[in-house]
Every structure is written in structure tokens, then in C-alpha cells.
Student: 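Dropping a structure here in C-alpha cells format, bear with me for questions.
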Amino acid sequence: MPVSKAVIVSLLIGLIVFGERLFPFAIFSKRKPGKLIHIFERYIPPLVMIGLLIYSLRDVRFSSLVQWVPQISAITFTIVTYLWKKNSLVSIFGATIIYMILIRIM
């Protein structure tokens, strides 16, 4: 792909993402969100987290410690840290660091 075409595609994708981010603010700046939006706001994040949890554990084999300890340790750290600090970034980054260290040393 020529460089000019790659730049045009990147700019177009950037404009589309910017428009997607701007869309809710443009719609809900004049009126309050409906009940459906409040339902999405409440239930979608936990459902996404459950989906990510299932996805991350799909290939785990429990035949040896090396294959499941890093994943289970990172998940446990995420849950405990989030319940303790109520900070998603600390939980996610901490669990990622723990996971990366464990897969390197095990």
C-alpha cells in the first residue's frame, strides 16, 4: 500500500472514531438519556468483563501448574485489588504485570 493511501485511510479511521466518540455528547447534551441507556450503563460493563474472563481462560489447561497459575493469579489479583481500591486501572495494570512476570519465570 502506498504511503499516501495509508495516510488517507488512517485519517479517515481517525475521523470515524472521533465522530463515534462525539455522537453521544451531541445527542444527550440537550436531553436526558432514556431508561434503555441506564440499563446499558448498568449491565453492559459486567457482561463485557465476564466475556473477557471467559475469553482469557478458554485455552487454560489444568494439567500442570505452569499452564494455569499465571492466569488464575492475575484474575485473583484483579478481583481483590478492585474490591480493595475500587480503581480499575490499578487492578488491570497490576494484574498484567503479575501475569507477565509469572509467564516469564514459570
Student: Going by heavy atoms in the side chains, are Tyr82 and Ser88 under 4.5 Å from each other?
Tutor: yes
Student: Sequence neighbours left out, what passes side-chain contact (heavy atoms from CB on, under 4.5 Å) with Lys5? Give chain and number order.
Tutor: Met1, Pro2
Student: Tell me the ring pair (Phe, Tyr, Trp, His ring centres under 6.0 Å) pairs involving residues 48-81, sequence neighbours left out?
Tutor: Phe62-Trp68
Student: Under 4.5 Å between side-chain heavy atoms, hopping through other hydrophobics if needed: is there a path connecting Leu15 to Phe23?
Tutor: no
Student: Decide whether Leu36 and Val48 are clustered together by the hydrophobic rule: side chain heavy atoms of Ile, Leu, Val, Met, Phe, Trp, Tyr closer than 4.5 Å, transitively.
Tutor: yes
Student: Same cluster or not: Val69 versus Ile79, using hydrophobic residues (I, L, V, M, F, W, Y) connected whenever any side-chain heavy atoms lie under 4.5 Å apart?
Tutor: yes
Student: With rounding to the nearest 0.5 angstrom, report the CZ to OG1 distance, Phe93 to Thr96.
Tutor: 7.0 Å
Student: Which residue, Ile75, Val60, Ile103, forms the side chain to side chain contact (heavy atoms under 4.5 Å, CB included) with Pro70?
Tutor: Ile103
Student: Do any N or O atoms from the side chain of Thr81 and from the backbone of Thr78 form a donor-acceptor pair under 3.5 angstrom?
Tutor: no
Student: Which atom names give the shortest non-hydrogen contact between Ser63 and Gln67, and what distance separates them?
Tutor: OG-OE1, 3.0 Å
Student: Does a side-chain heavy-atom distance below 4.5 Å link Leu53 with Met49?
Tutor: no
Student: Between CG of Leu57 and CG of Leu52, what distance do you get to the nearest 0.5 Å?
Tutor: 11.0 Å
Student: Kindly compute the distance separating CG (Leu65) from CG (Leu102), expressed to the nearest 0.5 Å.
Tutor: 11.5 Å
Student: Same cluster or not: Tyr99 versus Ile72, using hydrophobic residues (I, L, V, M, F, W, Y) connected whenever any side-chain heavy atoms lie under 4.5 Å apart?
Tutor: no
Student: Return the minimal non-hydrogen interatomic distance between Ala74 and Ala95, and the atom names on each side.
Tutor: O-CB, 3.4 Å
Student: Determine, using the 4.5 Å side-chain heavy-atom cutoff (strictly less than), whether Ile27 and Val17 are members of one ILVMFWY cluster.
Tutor: no
Student: Would you say CZ of Arg42 has more than 12 non-hydrogen atoms from neighbouring residues, nucleotides or ligands within 6.0 angstrom?
Tutor: no
